[in-house]
Amino acid sequence: MALRLYNTMSSQVEDFHPIRDNEVRMYACGPTVYDYGHIGNFRTFIAVDMLQRFLRQSGYKLRFVMNITDLDDKIIRNAARDGVSVQQYTAKYQKAFLEDSDMIGIEHPHLVRATEHIPQMADFVAKLVARNLAYRTDDGSYYFRIASFPPYGKLSKKDFSEMRDGSRVDVDEYDKDSARDFALWKAPKPGEASWDTSIGPGRPGWHLECSVMSMAELGETFDLHAGGEDLIFPHHENEIAQSESLTGKTFARFWFHVRFLLVEGEKMSKSLGNFYTLRDLVLKGHKPSSIRYLLTSVPYRTQLNFTFDGLKQAAVSVERLRNFRQRLSSGDFPSGANPEMQALGNETIDRMRAALEDDLNTAQAQGAIFEMVRKANSALDAGQVKKDDTRRLLAALEKFDEIFAVLKDDDGPKMKQVFDWAPTEGREKDISPELREAVQSGQLSDADIENKIAEMEAARRARNFKTSDALRAELAAAGVIIENTKEGVRYRRK
RNA sequence: GGCGCGGUACCCAAGUGGUAAGGGAGAGGUCUGCAAAACCUUUAUGCGUCGGUUCGAUUCCGACCCGCGCCUCCA
């Protein structure tokens, strides 16, 4: 079996094969760094991250580039408003994006920035003009001539044939040839940032940025281009028009688009009061792993309804997986192997792979791992798991986590970071009691906890249950849960 | 209006032309000094509604109802 992915261009699920033997070249439209990223942004980035992880797990070599849009109208406006340079303005949010990516388990792709490619962008426009695919207007802006690219609309399935026939659309205050023509390059405005280039002063349009950077990094034709569903039109359509009309070649072969998420059943928006950044959720006391799990649990082409109830459920699911792993890695098991457990591990790995190969069906992959957890737990209860089996089962868990990345128990330090960040933005008031508690539990060192456990065990052996219960309660209050099992004492942080 | 997606149990959600994965929540039970974890049993004769095709449809077709997205820069 091979990976099958939905391609927006063909509106079908297709077999995915890279152009060049074993190397996948992919480009994803990243964040516009004018503010902190919200969970909608991160749904998209996490979906792309899982795709990227799965491609590597499948044995492909990867050249994965993501842009950081550090230059657009909003950024320029805000920078001008604050009286700082564009670079100064975006530095803070670029840093925040990288921190947030780490927090939510996104592996850093190779990042490229618009501000680092201005001369190439000007050259690109000059080439388009030379071929009469673009034109300059009196104010010094440049526009792409859509009528020169007949396939325009092929990605978004829009029909622009009437325009191509030359029927004039009313052109309002702009002196564009056609109302649909889009800006490649914008003439400078007073008080706003601009760059002096071979085609005159000004700044690049957003669509141009991605075309130039992706081709600079990956070549004129590459394997896959990803982004949120809203980018299909006009952003990606315009990228195709510019790029393909210039090169005469297919720009990207696969178009991977991630569906928007809803929050509590409604489109996320500031006006509805259901707009959340990643940090907002952590301030409320939610673990990064819960957020990631919830965001990974619905396949990327399905609308995901993000709810606080769902977030709680996700937290429990992650706990279940972590408990299982701890059970396998901390107990003593007889040497040897149980063929049934070996088969279970292998079968689970196969099922997860098959699910993900089927257009990244993450829900089904999760179903497979949980079925393994239940069966293996049952066998563990019955004492039928041997040493070699734990390795096999842990290997399956590891395969799962290479994609989902929720098992590593590092929520505490991550939450501490947000806790420490809050005052720097005047947001102490938003720190919830839950976050406070979570951060507190991180204060106890492993050694502290182990000392307490030793005390507790001594008390239990002496059947001094009053003391042991008091110690248990004390640790629980500090966010540490003690479990007495047949295999010994275990603890975990809440 | 144009283009597109979806409606599956209390919640999230997978899936298939042959009789409904998985997770959470609820109820009962086992284990346990307590707690936790874990396991077992249980929770949709039913998959928006109405027709059609078929030996058989939740799965295909049609109509309708409802929700959602995009239609110039919001992931």
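By convention in this document, chain letters (A, B, ...) are assigned in the order of the sequence lines, proteins followed by strands, and residues within each chain are numbered from 1. Only a predicted model underlies this, so the values are computations on that prediction, with no experimental measurement involved.
- Here, A9(B) and G18(B) have their C1' atoms 22 Å apart, quoted to the whole Å.
- The nucleotide whose nearest atom lies closest to any side-chain atom of E483(A) is, among A37(B), C70(B), A75(B), A37(B).
- Base pairing of A38(B) is made with U30(B), judged by Watson-Crick or G-U wobble geometry with both donor-acceptor distances under 3.5 Å.
- One finds no side-chain N or O of N377(A) lying less than 4.0 angstrom from the OP1 or OP2 phosphate oxygen of A38(B).
- Between the C1' atom of C74(B) and the CG atom of L261(A) lies a distance of 12 Å, rounded to the nearest Å.
- How far CE of M26(A) is from CD of Q52(A): 6.5 Å, rounded to the nearest 0.5 Å.
- The pairing partner recorded for C74(B) is none, the criterion being a Watson-Crick or G-U wobble arrangement whose two distances lie under 3.5 angstrom.
- Taking the nucleotide of RNA chain B with the nearest heavy atom to each of S156(A) and N484(A), the more 5' of the two is matched to S156(A).
- Closest approach to the D381(A) side chain among A38(B), A36(B), C3(B) is made by A38(B) (side chain taken as heavy atoms from C-beta onward).
- As rounded to the nearest Å, U72(B) and C66(B) have C1' atoms that lie 30 Å from one another.
- A side-chain N or O of S141(A) and one of D139(A) form a donor-acceptor pair less than 3.5 Å apart.
- Rounded to an integer number of Å, the gap from NZ of K267(A) to P of C74(B) is 10 Å.
- Taking the six-membered ring where the residue is Trp, F97(A) and F45(A) present perpendicular rings, their angle passing 60° and hence far from 30°.
- Residue I39(A) is tested with T277(A), V263(A), D280(A), L304(A) for a side-chain contact (heavy atoms from CB on, under 4.5 Å); the sole match is V263(A).
- A 3.5 Å limit on both hydrogen-bonding distances identifies no Watson-Crick or G-U partner for U19(B).
- To the nearest whole angstrom, the two C1' atoms, one in A20(B) and one in U45(B), are 11 Å apart.
- The side chain of M268(A) lies closest to A75(B), out of A37(B), A75(B), C34(B).
- Tested against H225(A), the residues F254(A), F256(A), F251(A) include a single ring-ring contact (aromatic ring centres under 6.0 Å, His included) partner, F251(A).
- Relative to the six-membered ring of F333(A), K387(A) misses at least one condition, a distance below 6.0 Å or an angle of at most 45° to the axis.
- Within residues 448-466 of chain A, the residues approached by RNA chain B to less than 4.0 Å at the level of any non-hydrogen atom are R460(A), F465(A), in residue-number order.
- Dashed line: the shortest gap from a side-chain N or O of K375(A) to OP1 or OP2 of C40(B) is not under 4.0 Å.
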| query | Given D359(A) and Y300(A), is the side-chain hydrogen bond (donor to acceptor under 3.5 Å, both in side chains) satisfied, shown in steps? | reply | CA-CA 9 Å; D359(A) 198 26; Y300(A) 75 96; 2.6 Å; yes
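- Within the shown strands, C5(B) is the pairing partner of G67(B) under the Watson-Crick or G-U definition, both distances less than 3.5 Å.
- When distances run from any side-chain atom of D230(A) to the nucleotides C74(B), G24(B), C40(B), the shortest one goes to C74(B).
- Using a 4.0 Å heavy-atom criterion, one finds that H38(A) contacts the bases of the nucleic acid, with or without backbone contacts as well.
- Atom P of nucleotide A38(B) and atom CZ of R322(A) are separated by 14 Å, given to the nearest angstrom.
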| Stepwise side-chain hydrogen bond (donor to acceptor under 3.5 Å, both in side chains) test for N484(A) and E457(A) | CA-CA 10 Å; N484(A) 299 88; E457(A) 283 308 280; 3.3 Å; yes
| task | Could you give me the CA-CA distance, side-chain angles and deciding distance for D358(A) and R4(A), then say whether salt bridge (charged side-chain N to carboxylate O under 4.0 Å, His left out) is met? | result | CA-CA 5 Å; D358(A) 182 14; R4(A) 293 173 59 75; 5.4 Å; no
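- Distance, I104(A) CD1 to A75(B) P: 17 Å, rounded to whole Å.
- Distance check, rounded to the nearest 0.5 Å: CG of D411(A) to OG of S289(A) gives 3.5 Å.
- When heavy atoms are screened at a 4.0 angstrom cut-off, F182(A) is found touching no nucleic acid atom at all.
- For F233(A), counting side-chain heavy atoms from C-beta on, the closest listed nucleotide (C39(B), A35(B), C71(B)) is C71(B).
- Atom pair I482(A):CD1 and A35(B):C1' shows a separation of 11 Å (rounding to whole Å applied).
- Residue contacts shown for V258(A) are absent, as no nucleic acid heavy atom lies under 4.0 Å away.
- Residue side chain F370(A) fails the stacking definition with respect to G23(B), as its ring centre and the base's six-membered ring centre are not both under 5.5 angstrom apart and under 30 degrees in plane angle.
- When Watson-Crick and G-U wobble pairs are counted only if both distances are under 3.5 Å, C60(B) pairs with G52(B).
- The phosphate of C39(B) has OP1 or OP2 within less than 4.0 Å of a side-chain N or O from R320(A).
- Using a 4.0 Å heavy-atom cutoff across all strands shown, I481(A) reaches sugar-phosphate atoms only and no base atom.
- Rounded to whole angstrom, the span from the CD1 atom of I106(A) across to the C1' atom of A75(B) amounts to 11 Å.
- Of all nucleotides present, none satisfies the Watson-Crick or G-U wobble test against C47(B) with each distance under 3.5 Å.
- Pairing of C10(B), defined by two Watson-Crick or G-U wobble distances under 3.5 Å, is identified with G24(B).
- One atom, CD1 of I146(A), and another, C1' of C73(B), lie 13 Å apart when rounded to the nearest Å.
- A cation-pi arrangement, defined by a distance under 6.0 Å to the six-membered ring centre and an angle within 45 degrees of its axis, is absent between K267(A) and F260(A).
- Not one side-chain nitrogen or oxygen of R327(A) sits closer than 4.0 Å to the OP1 or OP2 atom of A37(B).
- Between M372(A) and L393(A), the shortest heavy-atom distance links the atoms CE-O, 3.6 Å.
- Between H38(A) and the choices Y276(A), F306(A), F275(A), the ring-ring contact (aromatic ring centres under 6.0 Å, His included) rule is met once, by F275(A).
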| query | How would nucleotides 5-15 of chain B be written as a contact map, 5' to 3', with B for base contact, S for sugar-phosphate-only contact and - for no contact, using protein heavy atoms under 4.0 Å? | reply | B-----B-SSS
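- G6(B) and A13(B) have their P atoms separated by 14 Å, given to the nearest Å.
- Note on R43(A): nothing from the nucleic acid sits closer than 4.0 angstrom, heavy atoms only.
- Rounding to whole angstrom units, CG of residue L321(A) and C1' of A37(B) are separated by 14 Å.
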